[in-house]
There are 2 protein chains.
Amino acid sequence: MSPKVSQEHMEQRRADILKAAQEVFIEHGYERATMKHIMDAANISRGGLYQYFSSKEAVFETILEESLAMELDETLDMVKENATSYWDMLMKIIFGEDGEPDDDMDPLSPAKLEFFIIGRNDDHRREYGKVRYNNGLKIYATIIEHGQKSGEFSPRFDHQIIARSIISFIDGLAVEHAMLSKEDLKIKEQSMLFVEYLKLALGISGRD
Amino acid sequence: MSPKVSQEHMEQRRADILKAAQEVFIEHGYERATMKHIMDAANISRGGLYQYFSSKEAVFETILEESLAMELDETLDMVKENATSYWDMLMKIIFGEDGEPDDDMDPLSPAKLEFFIIGRNDDHRREYGKVRYNNGLKIYATIIEHGQKSGEFSPRFDHQIIARSIISFIDGLAVEHAMLSKEDLKIKEQSMLFVEYLKLALGISGRD
DNA sequence: TAACAAAACGACACTAATGTCGTTTTGGTT
DNA sequence: AACCAAAACGACATTAGTGTCGTTTTGTTA
């Protein structure tokens, strides 16, 4: 027997394809990206690409999985190393490491929106979107619930609804990020106002 | 000379096509809807349809124009007949006639999201989206600005940013409305929480 | 260095949509 | 009733993408 090409080589190639595909999805969005774009970007032939991924959807879902896994890791790290307060935890999960709003957004988010909005009538995609939504919901809802139980947050509003409003806020920004050019956006200012909203909802007195 | 078919007949046909097309876009969304779907729904042939509209994009933009004109009319009516308070005005514009949050949303909004998000790299579509965004922004921003000047609202936050957060909130809900099934949605509750947010931002003391 | 499994290739058949154009039908005018 | 402009029709050519499959290349093993 002669195991032709090493395992690592294939994994490397696969990773290269995914990286190239991610660039393609960022540039063209999901719907207008084609397998041809990915082939060109990854310097691989049609047949070669199909040996790794059976469709554009498969490529994209793999990217989604991997980025979700990364985010989850980061989130867990944050939660561990920051046993300070639930509020800080929340801010870090929403705005990233420094817990402060800025003008950056996930460059892949427009493609993600497309993927789920257009696929809303596919059973598979719908279910998949629902699972992702519920995962996100659970992360926020759990932190808020704990914060409320500990007395750090006011129990005035239902933690589930607040969690939903956080996700919905991020989605709303993602829509604007997709549609408007950088000059027309005010991501940071809107985020800062949202933080004020959240302080109200959670009964956080104005600190910082 | 014999002016073959009456003007009214053509206008009627055109209106019928648009109505049928709207149903198609609601059912399939923008991207997956085809001219064939519209032909079937409107009971018209390929050639016939193309005599009225040169492309799917043209059909959809016509629907957008007409629904925007309607909304604008309604908004103006509300503003006129409700010289009561800027707050009431705002609630009516956001939530419709009764000014109260409910679980309904524009059934066409998922298709609209698709249209603008996918077309974000087309110059024409991008420009068109920007104009629509700015129109919406202006309506909210103007009311808030007036309310602030009149003393009804607190001037604490910039009226533009609050206006943006309203649009972004609606967009965020639209995304969830597109992705989740009715049972999984909490449109009304989220809207009620958003109203609380707005009361904070505008310094409205808890009434109603 | 010969053998060969499988990785990579790219031509091809297929599909689903678009927009056009020559023909047929329609219904108001004379 | 005959006329005829234009509304409606539907077959067709075209385009852009997908996924397959037989062939070629590659590089590790023996």
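So you know, we letter chains A, B, ... as the sequences are listed, proteins then strands, and number each from 1.
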From [options], nucleotide with atom closest to [X] side chain:
| X | options | answer |
| --- | --- | --- |
| B:Q51 | D:dA7, C:dG19, C:dA7 | D:dA7 |
| B:I44 | C:dT18, C:dA11, D:dC9 | D:dC9 |
| B:M10 | D:dA7, D:dG19, C:dA8 | D:dA7 |
| A:T34 | C:dA7, C:dC9, D:dG17 | D:dG17 |
| A:H9 | D:dT20, C:dA7, D:dA8 | C:dA7 |

- request: Between A:S54 and B:S45, name the one whose nearest nucleotide on DNA chain D is closer to the 5' end.
  value: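 Residue closer to the 5' terminus by nearest nucleotide: B:S45.
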With nearest nucleotide decided by heavy atoms, which residue, A:K36 or A:G47, maps closer to the 5′ end of DNA chain D?
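Whichever sits nearer the 5' end wins; that is A:K36.
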**Message:** Measuring to OP1 and OP2 of C:dA8, would you say a side-chain N or O of A:Y52 lies under 4.0 angstrom away?
**Reply:**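 Affirmative; the distance criterion is met.
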For C:dA8, does either OP1 or OP2 sit under 4.0 Å from a side-chain N or O belonging to A:R13?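 Yes, such a contact exists.
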Within this structure, what is the [atom1]-to-[atom2] distance between [X] and [N], rounded to whole angstrom?
| X | N | atom1 | atom2 | answer |
| --- | --- | --- | --- | --- |
| A:D40 | D:dG17 | CG | C1' | 14 Å |
| B:I38 | C:dG19 | CD1 | C1' | 14 Å |
| A:D16 | C:dA7 | CG | P | 16 Å |
| A:F53 | D:dT20 | CZ | P | 16 Å |
| A:M39 | C:dC9 | CE | C1' | 11 Å |
| A:R46 | D:dG22 | CZ | P | 17 Å |
| B:E31 | C:dA16 | CD | C1' | 14 Å |
| B:L49 | D:dA6 | CG | P | 20 Å |

Are A:F25 and A:K112 close enough that some pair of their side-chain heavy atoms sits under 4.5 Å apart?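 Side-chain contact under 4.5 Å: no.
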Any heavy-atom pair between the side chains of B:F153 and B:I162 that's under 4.5 Å?
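No - every pair of side-chain heavy atoms lies 4.5 Å or more apart.
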Exceeds 12 heavy-atom contacts within 6.0 angstrom, atom CD of B:E65
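Count over threshold, so yes.
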*asked:* I'd like to check the ring-ring contact (aromatic ring centres under 6.0 Å, His included) partners of B:Y50; sequence neighbours left out, ordered by chain and number.
replied: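 In terms of ring-ring contact (aromatic ring centres under 6.0 Å, His included), with neighbours along the sequence ignored, B:Y50 is linked to no residue.
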>> Whether the A:S165 and B:Y197 side chains hold a donor-acceptor pair (N or O, under 3.5 Å, no angle test) is what I'd like checked.
In response: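 Their side chains do contain a donor-acceptor pair, which is all the 3.5 Å distance test asks for.
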